[in-house]
Amino acid sequence: MIWSYDAILLILIVITAIVSLSIKDLISATITLGVFSFLLCLLWAEMGAVDVAFTEAAVGAGVSTVFLVATIYNTTRKSSD
Amino acid sequence: MLQHAPVIHLLAPFYAAIIICIAGMWRKETAYPIAVTALSLSLLSAVATLIKVGIAGPVIYAMGGWSAPFGIHFHIDALSALMAVLIQVVALLTAIHSRHPIHSSIGEKSYLYYPLFLLFVTGVTGICQTADAFNLYVLIEVSALTSYALIAMGEKRSVHASFNYLLVGSLGATLYLLGVGYLYLKTGTLNMQDLNFIMTTRELFSTPTIQVALILLMVGLWIKMAQFPFHGWLPNAYTWAPSPSAALMGPLMTKVMVYVMIRFMISVYGLDAIVDSMWTTWVPYLAIAGIVYGSLMALSQHYLRRMVTYIIVAEIGYMVGAAWLATELSITAAFYHVISDALMTLALFLCIAAMRVRHDIRSIHDMENIFKKMPITMVAFSIVALSLVGIPPTSGFISKWYLISAGIDAGHWPYIIALLLASFANAVIFFRIFEIGVFGKKPAEGHHHEESHDKKYLSEAPFSMLIPCLVISASIILLGIFNQPFIEMISTTISSISGGEVLQ
Amino acid sequence: MKVFQTIIAVVLGALLIYAEADFPAWASSKSPANAGELSQYYIKNIYDETLVPNMVTAVLADYRGYDTLFETVVVFTAGLAIFAILGTGVMREKKTAVPAPKRIYSEPPFDLIVRISTRMLVPVIQLFALYVLAHGHHSPGGGFQGGVILAASFIMLELSSDLRAEAAKLTHRMSIWLGIIGIVIYAGWGTLSLFFGGHFLDYDMLQALFPLDPLMARSHSMLIVEVGVAFTVSSIMLLIFRQLVSGGYSIPDKQA
Amino acid sequence: MDLQTLLVSKLNYWIFVILMIVGIWAIMSKNNLIKKIMGLAIFQAAVILFYVSLASKEHGTDIPIYPHDLIHPEHHGEVDHHVEEDSAKAHGAYEKHETAHHEEEHVKHSDDHDAHAEKDAHHDTHGDHQEAAHGVAHHDAHAPIADSINADDFNNPLPHVLMLTAIVVGVATLGVGLSLIQRVYRIYGSIEENEILEAIQNASDDGLTLQPEEEAAAQQE
């Protein structure tokens, strides 16, 4: 639980969250959301919450990104905002 | 086996949902009978628990054998037992009612519809009994997920309505989760009785974290119960849902959230902590805005289902307003209104669905000479209408009576005026319907009434839809006449909880 | 219209910041949550009462087993809900703006590298998934993580090869069956303890079944419960993936 | 306290607030339905950040798993046969205590709850059970290690359990939301909120005239 490592991760998390919401192309927005989730997983592991990190990586980042890409495949890829 | 009754009426619908999933794949028609038998069994077990609670006081059932704060356990007092019985009654009648509409509109997916139906009942029953704040969140999610699917199996516009409901509902549930997190941060436990015990012993109520936790919890619950500023999702969701889903979720989802709000007010925060807080001043005005908005919107609707949804928004305003007057009488009145309003909403949805199936009646203007076409259903409909307006023998009158007396007792005159205005608006709505129903369109509008009495003209609702309507309207009257035991049970429970002695 | 939303967001933020002043210092073991009776009891007594080194798995599967049961029910409900929303009945929608996909996305462009590497990786991933499930008592892992990784291996197989062939192997009916088996294992195991005089989900009472003392009964019951969770999570996550990729069409009509 | 300690000591809580604002703002003001679902996911991740950050303790605390040497202190090199003897002895002692319980032989994996046999399990009140649970602690195969653990060494396990549930519930909601988006796209041809509302508007002037396609389709069959 090194504070400085924590701070960098948290700043990166906020940046990826805002970026993933502002990208127009939905596929890259999903990938950025995946990065957001994996950074979260890194943060949990670093904060000592190992089980939560494992779940976040497998369930939160892995499967949600697959579901999002599958839906974008069946709908449109471009978004107006 | 009576000792395990609280678990039985939770597991019966749960196991029935699983059995239907298995049996339904091969023969679709097995779904309906299994659902009805399971719900009747759970109704018996819920009544047994109610009787046991009535005699022996709160029942505490520890899950997994762990004692109070370490494991999850049920704390069933009269309020949760009454809610459990109410849920099983509403679910059983809706299940009986749902045979015809489900068969016609989504016949081939009925083996999916009934498991979701029963899982919703399991989630809602669990909400009423659990004494663990986080477990409540998981059960809210179970009932929420099933309600998204139950709504989205309806007409075309129900899909978009269900998506909006998903967004707003998940937002509300997550705010509730955050509120529980704030409570856990300051007290260190998740059990409701423990929270109350620690908050009273350490006088935490005035600390900013607990105040913000109360705000988050209330906003989350208001979103889930469609209280006035957060009600955006409800009108579309219940208008376009299949009629059995609307009949199941209309009375249950919002009323159970009112029960959870009351449970948090009296069991976790404690009535004496809330009475002198600034909440009891501004929340009733929010509720009054809800009542006025709901009644006016209901007046302006001519599409029947949408009108009922706005009546629900107004009724939620009654309950939230009464609950937040924060006197024992007002909370008793609010809880009694939860029960009577659930029955009234169910009756409205059942009658409207019956009219729609037989005569494809969707709006007020279609209801020409409805009293001649469907006399029995209209008898049930008029009883509910009288109850909504608040005419004596019905339970609506009794609940309005207690609400107004609570308002007078608390000296909150705008709330009483709003109640009377809402009753007047209901009167206008329903007498307008009766006028069209009995006399048909006015001759000036060029509609001559054909008095033909052929078979097609006088066709009552199918048998399986008629019985629930009649049973419900009869129970509204019975609840109105024999209200004394209910009021007695509710008020003693509330006074015992908020009487300061902590049920450890 | 955007101004209204930003105001609400900022008001919520201000509310939370107002509460933050009162929070205990961030990583303090003296904060009520960490120094509370509940967490102290868990940290001290878990190994004595359940013989499970991983505290999180112990609290998840045993102390708060009822929570996890309903969490598995949430996953199962999500599978049923998606199947109901996107399922076969929807295929006969007439006047829709965009026609439903007529055939399943069947043949991806043939790519030797992807296919061979997937075929090599999948067994390793599945082995790891079973390890995560079985080793949930001693190391981070358990039912949910193991189930999802198992589902991920099937998803990888389907993405690289022909979805229709894969769909035929593990039909939607089989997925729902596996989901049901998982829930029946979990809830049935809890109900079983009712017959031995315990409360619901009370694993202590099950030592009558196993010739060993209640502690080991608890530890083994937790493993059985985790296996049930893994069944449900893996099959339902696969079902959800199939539904979302094929837009609800992956189910061959004759079987619906 | 001055800004530096305020900011430094509670950085996690500040970031959690920022993420919540981003999430709720996205849900309300984004036009694309998939962006709204992403906003919801970020909103739920923010709440998870709050829970996990309240569970961690000072630097140097361990993950909530008992280290091996703490659990089996006597395993340093000796043969562990005498461990089996203790467990056998303890097991025997335990057996006598348990015979009082009335046991049912049949092992019926009760699938259908309504059909289970009517059996009154004269189970004493759960209070007594609690005593049995504590009683059990002294009989187990090794010396109880409760007193040798300093609770401040390990992170608080409870929020981790709660967050396992919250993450899985979040993914389940995400899955249902995405399936609804696909149906909305198929019905209205777009996943932009404004285009959908236009499509709803000109599909019917009000609720009255809309003839639900599905109901009509169902009646035609």
Side-chain angles (χ1 to χ4, degrees), chain B residues 1 3-4 8 11-12 14-16 18-19 37-38 41 60-62 65-67 73 104-107 134 137-138 141 144-145 148-149 152 154-160 162-163 166-171 173-175 177-178 180-182 184-185 190 239-240 301-303 305-306 362-363 365, chain D residues 20 23-24 27-28 33 36-37 39-40 43-44 46-47 50-51 54 111-114 116 118-121 123 126-127 129-130 132-133 156 158-159 161-162 165-166 169-170 172-173 176-177 179-181 183-184 186-188 196-197 200 203-204 206-208 210 212-215 218-219 221:
Chain B
M1 257 315 136
Q3 177 213 359
H4 296 299
I8 288 176
L11 286 179
F14 177 70
Y15 275 121
I18 293 173
I19 295 162
T37 43
L41 174 73
I60 295 181
Y61 187 92
W66 297 104
S67 63
H73 68 126
S104 64
S105 66
I106 36 175
F134 182 79
Y137 166 74
V138 177
E141 283 298 328
L145 273 175
Y148 306 144
E155 295 157 28
K156 253 169 99 122
R157 282 178 58 178
S158 63
V159 180
H160 186 245
S162 174
F163 180 75
L166 180 135
L167 275 184
V168 176
S170 302
L171 198 68
T174 313
L175 283 177
L177 177 65
L178 190 60
V180 168
Y182 274 43
Y184 176 70
L185 178 68
L190 286 170
T239 311
W240 307 108
Q301 299 299 333
H302 53 270
Y303 191 66
R305 287 273 291 274
R306 188 174 283 277
R362 291 170 199 274
S363 88
H365 309 302
Chain D
M20 276 195 79
I24 205 163
I27 290 174
M28 285 192 285
L33 295 188
K36 284 175 183 272
I37 282 270
L40 184 68
F43 187 75
Q44 284 167 345
V47 172
F50 168 74
Y51 264 85
L54 70 86
D111 191 5
D112 181 354
H113 193 85
D114 318 331
H116 71 81
E118 189 58 37
K119 185 176 93 61
D120 19 337
H123 177 61
H126 89 86
H129 174 78
Q130 189 49 37
N156 182 2
L158 191 57
V161 175
L162 308 183
T165 313
V169 160
T173 315
V176 174
S179 65
L180 285 169
I181 289 177
R183 269 286 303 279
V184 162
R186 199 176 301 151
I187 293 170
Y188 299 109
I196 293 168
L197 292 179
I200 290 176
S204 73
D206 54 26
L208 182 63
L210 180 84
E213 277 69 16
E214 267 161 19
E215 195 124 5
Q219 270 140 19
E221 271 130 42

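Protein chains get the first letters and strands the later ones, always in sequence-line order, with residue 1 at the start of each.
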- Note on the structure: Honestly, the part of D:Ala172 sitting under 4.5 Å from a heavy atom of chain B is both
- Option in D:Leu33, D:Ile24, D:Ile37 with maximal non-hydrogen atom pairs under 4.5 Å from chain B: D:Leu33
- Specify which of D:Gly177, D:Ser179, D:Ala166 makes the most heavy-atom pairs with chain B at under 4.5 Å. D:Gly177
Heavy-atom distances under 4.5 Å only: say whether [X] touches chain D with side chain, backbone, both or neither.
| X | value |
| --- | --- |
| B:Tyr137 | side chain |
| B:Leu167 | both |
| B:Val168 | neither |
| B:Phe134 | side chain |

Quick one: does [X]'s side chain get under 4.5 Å of [Y]'s, heavy atoms only?
| X | Y | value |
| --- | --- | --- |
| D:Met20 | B:Leu175 | yes |
| B:Val180 | D:Leu162 | no |
| D:Ile187 | B:Arg157 | no |

- How long is the gap from OG1 on B:Thr174 to CD1 on D:Ile27, to the nearest 0.5 Å? 7.5 Å
- Query: How many angstroms lie between atom NE2 of B:His160 and atom CD1 of D:Ile200, to the nearest 0.5 angstrom?
  - Reply: 5.5 Å
- List in chain and number order the residues that pass side chain to side chain contact (heavy atoms under 4.5 Å, CB included) with B:Ser170, two or more places apart in sequence or in another chain; answer none if no residue qualifies. B:Tyr148, B:Leu166, D:Leu40, D:Gln44, D:Thr173
- Message: B:Tyr184: which residues meet the side-chain hydrogen bond (donor to acceptor under 3.5 Å, both in side chains) condition with it, sequence neighbours left out?
- Response: D:Asn156
- Message: Restricting to non-hydrogen atoms, name the atom on B:Leu177 and the atom on D:Tyr51 that form the minimum distance, rounded to 0.1 Å.
- Response: O-OH, 2.9 Å
- Message: Before you tell me yes or no, could you show the steps for D:Tyr188 and B:Val159 under side chain to side chain contact (heavy atoms under 4.5 Å, CB included), namely the whole-Å CA-CA distance, both residues' side-chain angles and the distance that decides it to 0.1 Å?
- Response: CA-CA 10 Å; D:Tyr188 299 109; B:Val159 180; 5.9 Å; no
